[in-house]
Colleague: 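First the structure, which I've put down as structure tokens, then a few questions once you've had a look.
Throughout, protein chains are lettered first and strands after them, A, B, ... in sequence-line order, and every chain is numbered starting at 1.
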Amino acid sequence: MKTLNKKIWRDIWQNKSQFISIFIMTLLGILAFSGIHGYMDGMEYSAMNYYDQYNLQDLWLTGENFSEDDLKEIKKIDNVKDAERKLSINTTLDGYHDISLETNFIESNNISKFYVVEGEGFDINQKGVWLDSYLANYLKIKVGDEISFTYKTYTIKEKVLGLVDVPDHVYYIKDDTAIFPTHKDYGFVYLSINEFPIENYHVFPYVMVDVDDTSILDETKLKIENNIKAAKAVTTREDNFSYKGYNSEIEEGDTYSGVFTFMFLFIAILAVVTTMYRFVRKQRTQIGTMKALGIKKRKIIIHYVSFGFWISLIASCFGIVIGLFTIGNFFLNMEMTYFVVPEYHIYVVPDVYVLAGLTVAIITIITYLSCRTVLREKAADAIRVEIPKVKQSKFDLTNKGIFKNASLSTKWNLRDIARNKGRTIMGAVGIIGCTMMLVCAFGMLDTMNSYIDWQFDTLYHFEYKLDLDDNLSKVQLEKLEEKYGDATSKTYGIEFMDGNTKKANTLTVNDSKDKLRYTGHDKNVMELKEGGIYITEKLSVTLNKNVGDEIKWHIFGEDTWYTSKIVGLNRDPQSQAFNTTRSYIESLNIEYEPDTIYTNNNLEGVKEVENISKIAGIESIKTGILNMINTVRMMVVLLIAISAVLGFVIIYNLGILSFAEKQYQFATLKVLGYKNKQIKKIFIKQNTWITIVSVIVGLPLGYLMVDYIFKSALGENYDFPAVVSLMTYVYATIGTFIVSFFVNRALARKVKNIDMVTSLKGNE
Amino acid sequence: MKNIVELKKVSKVYQIGDNQFKALDDIDLCINQGEMVVILGPSGAGKSTLLNLIGGMDTPTYGEVIIDGENISKYNEDKLSDYRAENVGFIFQFYNILPSLTVKENVDIVKDIVKSPISTEEALKGVGLEEHSKKFPNQLSGGEQQRVSIARAIAKNPKLLLCDEPTGALDSKTGVEVLKLLRKQCDGNEGANTVIIVTHNSLIADIADTVIHVKNGKIEKVVTNEHPKKIDEVKW
């Protein structure tokens, strides 16, 4: 069978364009899947290792102050392996413009341990700081340098002992108005508690807990809630900001992987079906000859099935490797400029091999099914040239209505489409896919821009957001309000009942006099009604609650439970929570003590204001988010490139198949005296029609794809509807036609090269 | 009589790998207008190559092909297309009609390229297919399909009707019908139409005005039939 093996490779070479298209489609499908999975699983497993090795806390306790006795009590609870207290304050880094530091004072570092990038590990007796390695890298601060940072009137000056990463700071952002990490104007530092600037004022509002057995974590959590009075809230990793934010990003990758892999593989399989069917039909007389020679049916089957098998196997292997080392590495490296996992690498889960194997199996089976019919024929029949089966359809569109007087080339092309439905559908699906991806690429940018407008032009109607210090006196507050205005809000950490489960969320009490605004379903600004609370639309769906339903809730740290009626739904792009008015809260006898002031005063260059812990300028937050859009742009470029390849390969493949079938007819036309230009026109007509119809179908499907991606890929906190602008549809249409134009040009060249004599002889 | 076809020192050489194959070797030939000419010879003799050069489907490696006083061997591709469209009707062994066009549409197709074609109805009537005009080729017999091909060729009202084994795929009875149509075409139009048939069937030679014997790429002999037989007199 060595001779037959030679035949495989020679046949592939002779039909290279068809086989190359099968190869590329399969390769792209597997490449997208393995690449996206490689980086997504790389993110997941690298973080898991990091969490394991550096002991991310299992539980997180918040309170006003955990005493040494509380700590001892916590440690005594069953399943608690270890517990550590933490004191956190916000400071500003001196000598730089507007850099805030989360400044942590700790007693030990066995939970959420430092990953020391440079310098030494934690020692309570050491005088100095351990600085966020990403911020240090950006600011070019080195071990041994001295930095100083300010808390209220206290300035702390310390030598940098180490540059570190910490597992509970994998994902962290400047404040709750930002959504994407930049590591440029904020960071964290750790110090020994002995370095706290106010003597004998050791207040520890946080405790991190490590457990022995995570399978009984809920019981441990309940025991702490019941036994430790100081613990106002006990939350798990799933509620941890960093852990949750990072996992959302991984889920996003999961959606991309699913969508794109499905599209590419579906098209690849379609391409294989038509290509292999046509290839085998072309080889019909050879199959007859092999049979006549006495080669067994099984061997002939193996021979033909080998085409699909080898092509898809090689494409799959290349797809896995190329996908991992290009898309996988590229996206993982890009993600890791935002997320802090010190040791990371792409990771291959068995799913990738399973899918690749499945693809090879499907393509092999399709190849088998394509040649089965020919193999069933008797040798005597198969060695004869097949009489073309031109069925005259009972419903021949070309003889009806407007088509009755259509040109011959129009009729000819219409009938050709009707006769070659498989090829036409394959071509159409390919072009639809190309258009969809172009809409998706540009639509992603549109959606992000629409989100920015919504958040920063509609919801935020202020220039600066001032976070107030805790426990301000009335006089201090009045002074600030006098200076910056009385547009304020207060955000409470609350716990509410969802059935029998307690869940954590926030309730924002808005007294901002239209500075912090709300929008309804259609993103139009709305006023909050009195008499109850508002819930964001997405959260209402998650909780299955609607207007008129009641919510039972309490403020973290307080025992009084309230039952509030939901009086309305609002829509928020980046925070799914509860909102209400000041008068409603006061009607529940809760004293309104604002924690934020919104102002339009110009605070450019102002670093410190007495009694204000943080000044956040809307413009700088907006800039941060615009930077994030660069990531989306990379994705857009990649999508456009893949769309172009996909479109080109499919339309070219369609054209080649169609050309091969019609070559002798074109040769006849040429002999009759048709000029190349006239023949090209006839030939291109069909491709152009299919492109037009496919674009019309592809545009709305593209919208649905963007919508699906944004609905599924975004984390539970986000709620942006897909927005696709008119220009995006225009770009996608033009883009698809550009691809189609270049393919047509390439194909039209073939018309010029038709050798009339050879073509007509070949047909005989 | 006027020469419609004149070949001067024509050679056609194919390069096959390192070797050269001479399909036609230094041929000189004249064909008179209004004659039915049969080019006869065994397989590989160069008959079809000769026909292709006369029909402007191929160009000679050396020499001149002069049709009605015009040297077409110097024509570019576009000019050759025009030449074929206006002057030449082709009939092939395997008909080469377009399967997705009806009988009428297959003939209509020449209207796009010929300035003054004869009407499709007339052409179809001439070959006796007017009743089948709406049928698709696969609904016709082989002989009927060849008649569609003849109708398409004569619809162009060509000076030259070039036929490459026109009866090769037909039974003898149908073959006779086809030959009668070709003779009719040659005899019509007051002697302005010339029909050239390439065949290896020597029986067809009896009905021709001139028989050109080709062997190994050369003209072996040219025989003029003083009294060509009528088609019905030939024993097939």
Side-chain angles (χ1 to χ4, degrees), chain A residues 385-394 396-399 403-420 658 661-682 686 751-764, chain B residues 12 14 23 48-49 51-53 55-59 77-102 104-115 117 134-139 142 149 152-153 155-156 158 162 164-165 168-169:
Chain A
V385 174
E386 195 180 22
I387 302 154
K389 289 167 193 152
V390 182
K391 286 181 207 155
Q392 196 188 3
S393 158
K394 279 179 190 166
D396 186 2
L397 188 71
T398 54
N399 288 325
F403 296 108
K404 211 173 170 181
N405 297 320
S407 71
L408 285 181
S409 69
T410 301
K411 284 185 179 177
W412 186 47
N413 276 307
L414 281 173
R415 286 173 196 157
D416 191 62
I417 288 173
R419 279 173 53 203
N420 296 286
S658 149
E661 275 176 14
K662 294 184 198 123
Q663 191 165 352
Y664 96 96
Q665 299 188 54
F666 289 150
T668 304
L669 290 177
K670 224 172 169 179
V671 170
L672 286 174
Y674 270 76
K675 290 186 179 150
N676 287 335
K677 230 189 211 171
Q678 291 170 296
I679 299 173
K680 279 178 196 172
K681 240 173 140 180
I682 297 173
Q686 198 178 119
V751 172
K752 203 183 164 197
N753 298 330
I754 291 175
D755 174 9
M756 289 173 278
V757 178
T758 319
S759 298
L760 295 177
K761 285 276 173 202
N763 186 46
E764 286 167 23
Chain B
K12 181 71 189 177
Y14 293 106
S48 293
T49 309
L51 197 75
N52 292 337
L53 293 179
M57 278 166 65
D58 207 349
T59 48
E77 211 177 321
D78 257 14
K79 258 191 136 181
L80 277 175
S81 292
D82 289 338
Y83 160 70
R84 286 196 302 269
E86 290 294 340
N87 299 289
V88 186
F90 277 98
I91 293 163
F92 298 96
Q93 182 178 3
F94 292 101
Y95 333 129
N96 286 85
I97 49 178
L98 307 178
S100 50
L101 295 184
T102 62
K104 183 177 176 294
E105 288 162 356
N106 259 291
V107 181
D108 272 344
I109 206 159
V110 300
K111 286 181 182 170
D112 290 344
I113 45 168
V114 179
K115 282 178 195 142
K134 286 185 179 169
K135 284 186 180 169
F136 281 90
N138 69 326
Q139 295 170 296
S149 158
R152 182 179 65 188
K156 292 167 88 179
L162 306 181
D164 195 351
E165 299 280 9

Colleague: Considering only heavy atoms, which portion of B/Asp112 lies under 4.5 Å from any heavy atom of chain A: side chain, backbone, both, or neither?
Modeller: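 When you check distances to chain A, atoms from both the backbone and side chain of B/Asp112 fall under 4.5 Å.
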Colleague: Are the side chains of A/Thr668 and B/Arg152 in touch, meaning some heavy atoms are under 4.5 Å apart?
Modeller: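 Yes - at least one pair of side-chain heavy atoms lies under 4.5 Å apart.
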Colleague: Find the one option among B/Thr49, B/Asp78, B/Val110 whose heavy-atom pairs under 4.5 Å with chain A are most numerous.
Modeller: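 Between B/Thr49, B/Asp78, B/Val110, the count favours B/Asp78.
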Colleague: Side chain, backbone, both or neither: which part of B/Glu77 has an atom under 4.5 Å from a heavy atom of chain A?
Modeller: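 Only the side chain of B/Glu77 comes within 4.5 Å of chain A.
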Colleague: If you count heavy-atom pairs within less than 4.5 Å of chain A, which of B/Val114, B/Leu98, B/Asn87 leads?
Modeller: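 Looking at each of B/Val114, B/Leu98, B/Asn87 in turn, B/Leu98 comes out on top.
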Colleague: Between B/Ile97 and chain A, with a heavy-atom cut-off of 4.5 Å, which part of the residue counts as in contact: side chain, backbone, both or neither?
Modeller: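 B/Ile97 touches chain A through backbone heavy atoms alone.
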Colleague: Return the set of residues passing side-chain hydrogen bond (donor to acceptor under 3.5 Å, both in side chains) with B/Asp108 (not counting sequence neighbours), or none when no residue passes.
Modeller: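 For B/Asp108, the residues satisfying side-chain hydrogen bond (donor to acceptor under 3.5 Å, both in side chains) (neighbours in sequence not counted) are B/Lys104, B/Lys111, B/Thr120.
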Colleague: Would you say the side chains of B/Asp164 and B/Ser48 form a donor-acceptor pair under 3.5 Å?
Modeller: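 B/Asp164 vs B/Ser48: donor-acceptor pair found between side chains.
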Colleague: Got a sec, which pairs hit salt bridge (charged side-chain N to carboxylate O under 4.0 Å, His left out) with one end in residues 87-99 of chain B, sequence neighbours left out?
Modeller: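 For residues 87-99 of chain B: none.
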Colleague: Heavy-atom distance under 4.5 Å to chain B: side chain of A/Lys670, backbone, both or neither?
Modeller: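 Answer is both: backbone and side chain atoms of A/Lys670 are under 4.5 Å from chain B.
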Colleague: Do B/Phe90 and A/Leu672 have side chains that approach each other closer than 4.5 Å (heavy atoms only, starting at C-beta)?
Modeller: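 SC-SC contact between B/Phe90 and A/Leu672 ruled out.
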